[in-house]
Amino acid sequence: MLSRSAERLYWLARYMERTENMAKLVSVYMNLLMDLPRGVEMGWQQLLRINGSEAEFYEKYKVANERNVTRFMLTDASYSSSLFSSLTSARENIRTTRELLPDEAWEQVNEMYLFTKNDPEAVSNRRSRVLFLKKIIEGCQRFSGLLSGYMSHNHPYRFIRLGRNLERADMTSRILDLASLLLAESRSDELRQYETILWINILTALNALLMYRQHMRSRVKGDDVLSYLLLDKNLPRSVARCLLEVSDCINELPNNDALPDRVVELEDYVQDIDTHQATQLQLRAILDDLQNKLGGLHGHIADNWFSRIAAE
Amino acid sequence: MATYASEMVAYFMLHALINDNEKLITIKKAMKSIWENYTTENAYDELMYCEFQPRPVSHSLCQYLNSLKKTDIDKRKIAAELAIMEMGITFTVYSDEGNIDRAWPFDIIPRIMDAREWRIIEKGLKQRLAALNHFISDVYGEQAFIKEGKIPGETINSSKNFRKECVGMKPRHNVWANICGTDLVRDKDGIMYVLEDNLRVPSGVSYMLENRVITKRVFPELLQGIDILPIDDYPAQLQDMLSSIAPVNTHKPLIVVLTPGIYNSAYFEHAYLAQQMGAQLVEGSDLVVKEDNCVYMRTIEGLEKVDVIYRRIDDDFLDPEVFRKDSTLGVHGLMRAWKAGNVALANAPGAGVADDKVVYAYVPEMIRYYLNEEPILPNVPTYLCSNKEHLDYVLEHLAELVVKPANESGGYGMLVGPHSTAKEVNAFRKIIQADPRNYIGQPTLAISTAPTLCKGKLEPRHIDLRPFILQGENTFVTAGGLTRVALRKGSLVVNSSQGGGSKDTWIINMEGH
């Protein structure tokens, strides 16, 4: 397969994953805020912080209220990490790789894109926003499902899995980062009372609540959630599982050079994290470091497969 | 122009034979609402004899439309538009504000032809492309046609699509134009004329295929009862043809579609055809020609040898080593590889020499010369401005003629005399006088119409037809082709870049009716 196509499929998968993550994040956040009593010091600006986009937000909006933040995160075409921007990028990438994918894949992405583009006002009130997010999440699921069911699990498919899982690992680490931020020692006791609610919502955001209960067979506790979402090798959205998938793909792709070793290194690094011993502050540093390492892995993948043009 | 008479008569007799068996059927008055004021006075109508009186080919369609409520028809139209948006069937329009991706304009009322007539046209198209390919081989070979005075050598030498770099080349099967889109129009006399042969990078076939997909979605119950020839084997035929031109002894040739990229107006089609054939869609930067004069594509596994390139890039941009130096779309050394016989290019470079409106005038003669047959499909009478007598005639009759530049496509740079002001006509006169070789004149045809849905009512709109012909080891013609329709009332310009739309084209078996 062409290096250029490999790169575009990889990014297609990353952007689709990002679209789904954003939809889920906003949806869970809405739930969380509805659960918490008024006056608890957790507003919509935390959602901006998780994506590191506070500065960009305040250039355009004055108040970080529900309406502004959701509009910014979901349908603002000028914000490069908005759901709509991710969807637009996904569409551009699939438009240039259509020949490698089943027809339905293109139609699915195109339909979601048109749906968002034609009715940006759908996100402005809660009721229609809930329906909007549901439809986007379902669309992303259908996209993954039809690729898995209709497409050969060949090299193009491996690049899709590679992109999806790297993006997923990154997102999980960001969500955990947010949780540690919210629960930092400096926070008020008032918020800490609602800790369980917060962790339940985080598990929900990563579709992990049911699996957590089955696996842990105990009530939801912060340390346990953290280690489950980082280290469990069976949960689709845990960091360890995503790395396992990444490693699988890399091992089956040609010319993988030093990449298998690098993934092993990263997997070892994750398994060494001790969530029960680390302080919140240490944990945040570890998660930060993990995100950098994931970025590094992306760089190596790009050098290895996407820039072959320069190498020859 | 008297030489065309015999072909016309032969063709017209066949045509009359078909019409002879037609029975008159009147549409019920219930249909009045959508057919109100439908007129067939100004041109031959493909579906209707006159208001309320369908031709036999359209009997089933009219009966069906009859059974629908007006709101049903509107619903079908909306459903079709939705399908087009979701399938992402678009074309790109270049404008001052940048490139706009527009939804493909589609009219849900199909254009219908009788298979008996189609078989004659099909034969005529094959005959025509065979002769054109003989001619191109001859131009880059012995030039017997010129030497025997059948065409002035000057006409070839001055054609900007004659590529001296191709002299002496012998592509497989001696076929240069592997993919041809021939534009046909029907005049008031009911005869189908060839308007032009597109031999460079003809486009539109993907829209032909998608139009049928949409019709199947929108009118599933209608298609059941009618014996329509299928068209969806085109990608398979294209793949077979491309395989048949691969360098000799290639096992399972690697075929790629070479596109100028996402900003090209036909990008949708390039991606569509690659996908339908299971071929790789590549851009110039994905390919490289090495010292062994072979073409390779850059893959995640390293370089992989390419055997056949279906190129959708004009000759000019194909290889900066040979043609335009500033081309960033092409591949350095592609011509070397082609000349060494290591890769097949479809269409072959230089094939465009026969895609010239001056050369067009000589096609009937080519058919007689190379095939020793009479042309089945007539040309539109053509006046060559390079010829003094013809030039004088054209200048005198500008207000009645259509005058076209020899080498433009997309309907640009032409004059439609009867639709122009005196000022426009006079301005054009100067343009012709400055460069007579580059212009031809033709009578303005009353090209045929077909009922088209306009604001909930059916109105006649002018249409043409572009069938696609493939020639490699064998020759194949699509069943029908792409029907383009001028959506503006009275307009004769069907190009999608200039307000044209399209219709699904049905070739139907009438035997047993």
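Residue numbering restarts at 1 for every chain, and letters A, B, ... go by the order of the sequence lines.
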**Prompt:** Measuring heavy-atom distances to chain B, does A:Leu2 have an atom under 4.5 Å in its side chain, in its backbone, in both, or in neither?
**Reply:** both
**Request:** Could you tell me which of B:Met85, B:Glu283, B:Glu304 has the largest number of non-hydrogen atom pairs under 4.5 Å with chain A?
**Result:** B:Glu283
**Prompt:** Could you state the interatomic distance from CE (B:Met297) to CE (A:Met1), rounded to the nearest 0.5 Å?
**Reply:** 9.5 Å
**Message:** Does any backbone or side-chain atom of A:Tyr113 lie under 4.5 Å from a heavy atom of chain B? Answer side chain, backbone, both or neither.
**Reply:** neither
**Asked** chain A heavy atoms under 4.5 Å from B:Val257: which part of the residue, side chain, backbone, both or neither?
**Response** neither
**Message:** Could you tell me if the side chain of B:Met87 sits less than 4.5 Å from the side chain of A:Asn110, heavy atoms only?
**Reply:** no
**Prompt:** Counting only heavy atoms not in A:Tyr269, do more than 12 sit closer than 6.0 Å to its OH atom?
**Reply:** yes
**Asked** Is the shortest heavy-atom distance from the side chain of A:Arg98 to the side chain of B:Phe268 under 4.5 Å?
**Response** yes
**Item:** Pairwise distance OG(A:Ser5) to CZ(B:Arg298) - rounded to 0.5 angstrom
**Value:** 13.5 Å
**Asked** Distance-only, no hydrogens or angles: does the B:Asp286 side chain make a donor-acceptor pair with backbone N or O of A:Arg4 under 3.5 Å?
**Response** no
**Message:** Within the structure provided, determine whether B:Met277 and A:Glu99 are in side-chain contact (heavy-atom separation under 4.5 Å).
**Reply:** no
**Asked** Passes side-chain contact (heavy atoms from CB on, under 4.5 Å), A:Phe159 versus B:Ile300? Steps please.
**Response** CA-CA 11 Å; A:Phe159 278 103; B:Ile300 54 164; 3.5 Å; yes
**Asked** Would you say B:Lys252 has more than 12 foreign heavy atoms packed within less than 6.0 Å of its NZ?
**Response** no
**Request:** Answer yes or no: is there a side-chain heavy-atom contact under 4.5 Å between B:Gln275 and A:Leu101?
**Result:** no
**Prompt:** Around A:Lys60, counting heavy atoms of other residues, nucleotides and ligands shown, do more than 12 lie under 6.0 Å from its NZ?
**Reply:** yes
**Fill in**
Looking only at A:Thr97, A:Thr96, A:Leu253, A:Leu100, the option with the highest number of non-hydrogen pairs under 4.5 Å against chain B is A:Thr96
**Message:** Just verifying a value: how many Å separate A:Glu111 CD and B:Glu86 CD, rounded to the nearest 0.5 Å?
**Reply:** 4.0 Å
**Request:** Step by step, work out the side-chain contact (heavy atoms from CB on, under 4.5 Å) result for A:Asp103 and B:Gln276.
**Result:** CA-CA 9 Å; A:Asp103 277 335; B:Gln276 295 288 311; 4.2 Å; yes
**Request:** Indicate the atoms forming the closest heavy-atom contact of A:Arg95 with B:Ile262, along with that distance.
**Result:** NH2-CG1, 3.3 Å
